[in-house]
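Each remark here refers to the structure printed beneath this line.
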Amino acid sequence: MYDFKALYEANSVQEAIRLLDEHPDAVILAGGSDVLIDTRSGKLAGREMISIYGMDELRGVSIDDEDNIRIGSLTSFSAICRDPIINEHIKVLAEACSMVGSPQIRAIGTIGGNTCNGVTSADSASTLMAYDAVMETEGPQGTRRIPISEWYIKPHQVAMAHDELQTAILIPLKSCSGYTGCYMKYGMRNAMEITTTGCSVNVKLSEDRKTFEDVRVGFGVAAPVPIRAHTAEQAVRGKEVSEENIRLFADQTLEDVRPRDSWRASKDFRLHLCRTLAEDALREAVRRSGGVING
């Protein structure tokens, strides 16, 4: 059984904000794939719930007037996987979302829930980090846009007040134009597995495909929150596409990651994963970009 005090259903963003203000201990219920599990386990037992699942205005992917890819916060993982805008401009995000849970979880789980629960293992987070995503929230004071680099405060805490609602995730077209990416994760199983470490590597090659014009890499479960490995990016930017520089890139990721020991994996094993996944994902991203690795 699910032990919650009351369930309220919001039919609009403003109604949800009002309910959050009136019920300061309430929890937002979107797809429920995380919240209902925590309720049943006792972590959220006895709390009030505010369901926003019926708010279709927060679903879908579009390109807005400011040339951002706009992903509504209630857009499911399965919808992202098959969306034509995502697959044209940022296919690596579809790849990452395809690795979330099971088909049933992907059908009900939302990208908003995945980014608002503040966990470093969120499969979508490392790609959103790599592409400088911006979180849009709505609250009593109006609309705020928060760069993802400022979004994650600490595990299970994001830069959103209780009476605010995340409404969309924005990815500037200029941040993803010309890039090709690859997302890789490691888990003990091939499916239905929480990420032990995840890595999203995204490259923009020169016109002749021989030089790293730019490289971006985001990690999950490589620190208390999702992170970018800027040192690795800078190490190969403007350099030849070669085995030597791919190994340099992988080595340099270790300057930025800060994994920890847990029952899932030791710190040392996660350091090994960070380096290995970065190397393999960069090599695959180059291949997908039509590049040829020298040496």
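If you're wondering where the values come from, they're calculated on a predicted model, not measured in any experiment.
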Are more than 12 heavy atoms, taken from residues, nucleotides or ligands other than Glu57, located less than 6.0 Å from that residue's CD atom?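 Result for CD/Glu57: enclosed.
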Between [Y] and [X], does any NZ, NE, NH1 or NH2 come within less than 4.0 Å of an OD or OE carboxylate oxygen?
X      : Y      : result
Arg144 : Glu138 : no
Asp21  : Arg18  : no
Asp214 : Arg216 : yes
Glu95  : Lys91  : no
Glu213 : Lys239 : no
Lys174 : Asp67  : no
Glu233 : Arg228 : yes
Glu136 : Arg70  : yes

Would you confirm whether [X], through its side chain, and [Y], through its main-chain N or O, come within 3.5 Å as a donor-acceptor pair?
X      : Y      : answer
Ser177 : Leu173 : no
Asn68  : Leu170 : no
Ser175 : Ile171 : no
Asn202 : Tyr179 : no
Thr195 : Gly198 : no
Ser73  : Thr167 : yes
Thr75  : Gly60  : yes
Thr253 : Ala250 : yes
Arg270 : Arg260 : yes
Glu164 : Ala161 : yes

Shortest non-hydrogen contact from [X] to [Y]?
X      : Y      : result
Pro226 : Thr120 : N-OG1, 3.5 Å
Thr127 : Tyr183 : OG1-CD1, 4.3 Å
Tyr53  : Ile108 : OH-CG1, 4.0 Å
Val92  : Ser200 : CG2-OG, 3.8 Å
Val217 : Cys199 : CG2-SG, 3.8 Å
Phe249 : Leu282 : CD2-CD2, 3.4 Å

Honestly curious: do [X] and [Y] fall in one hydrophobic cluster under the side-chain, below-4.5 Å linking rule?
X      : Y      : result
Leu93  : Ile63  : yes
Ile28  : Val158 : no
Val13  : Leu74  : yes
Met160 : Val134 : no
Met129 : Ile69  : yes

Roughly how far, to the nearest 0.5 Å, is the [atom2] atom of [Y] from the [atom1] atom of [X]?
X     : Y      : atom1 : atom2 : value
Ser76 : Asn114 : OG    : CG    : 12.0 Å
Ile85 : Ser62  : CD1   : OG    : 6.0 Å
Tyr8  : Met49  : OH    : CE    : 12.0 Å
His23 : Arg47  : NE2   : CZ    : 13.0 Å
Ile71 : Ile111 : CD1   : CD1   : 4.5 Å
Ser78 : Arg106 : OG    : CZ    : 8.0 Å

Check whether any side-chain heavy atom of [X] lies under 4.5 Å from a side-chain heavy atom of [Y], and answer yes or no.
X      : Y      : answer
Ile169 : Met135 : yes
Leu271 : Pro259 : yes
Gln252 : Leu248 : yes
Thr143 : Thr137 : no
Phe219 : Ser126 : no
Leu7   : Ser51  : yes
Leu165 : Leu58  : yes
His156 : Val119 : yes

Could you go through the side-chain contact (heavy atoms from CB on, under 4.5 Å) check for Cys274 and Thr197 one step at a time? CA-CA 7 Å; Cys274 289; Thr197 299; 4.0 Å; yes
Quick one about [Y] and [X] (side-chain donor to acceptor, distance below 3.5 Å, no hydrogens or angles considered), yes or no?
X      : Y      : answer
Thr211 : Glu240 : no
Asp208 : Ser206 : yes
Ser266 : Asp261 : no
Asn294 : Glu243 : no

Show, in sequence, the C-alpha distance, side-chain angles and deciding distance for Leu205 and Thr180, and conclude whether the side-chain contact (heavy atoms from CB on, under 4.5 Å) test is met. CA-CA 9 Å; Leu205 300 183; Thr180 302; over 6 Å; no
List the steps and the verdict of side-chain contact (heavy atoms from CB on, under 4.5 Å) for Ser242 and Asn245. CA-CA 5 Å; Ser242 67; Asn245 285 326; 3.2 Å; yes
Full working for side-chain contact (heavy atoms from CB on, under 4.5 Å) between Thr196 and Val221: CA-CA 6 Å; Thr196 302; Val221 208; 6.0 Å; no
Taking it one step at a time, do Gln14 and Ser12 satisfy side-chain hydrogen bond (donor to acceptor under 3.5 Å, both in side chains)? CA-CA 5 Å; Gln14 290 306 313; Ser12 68; over 6 Å; no
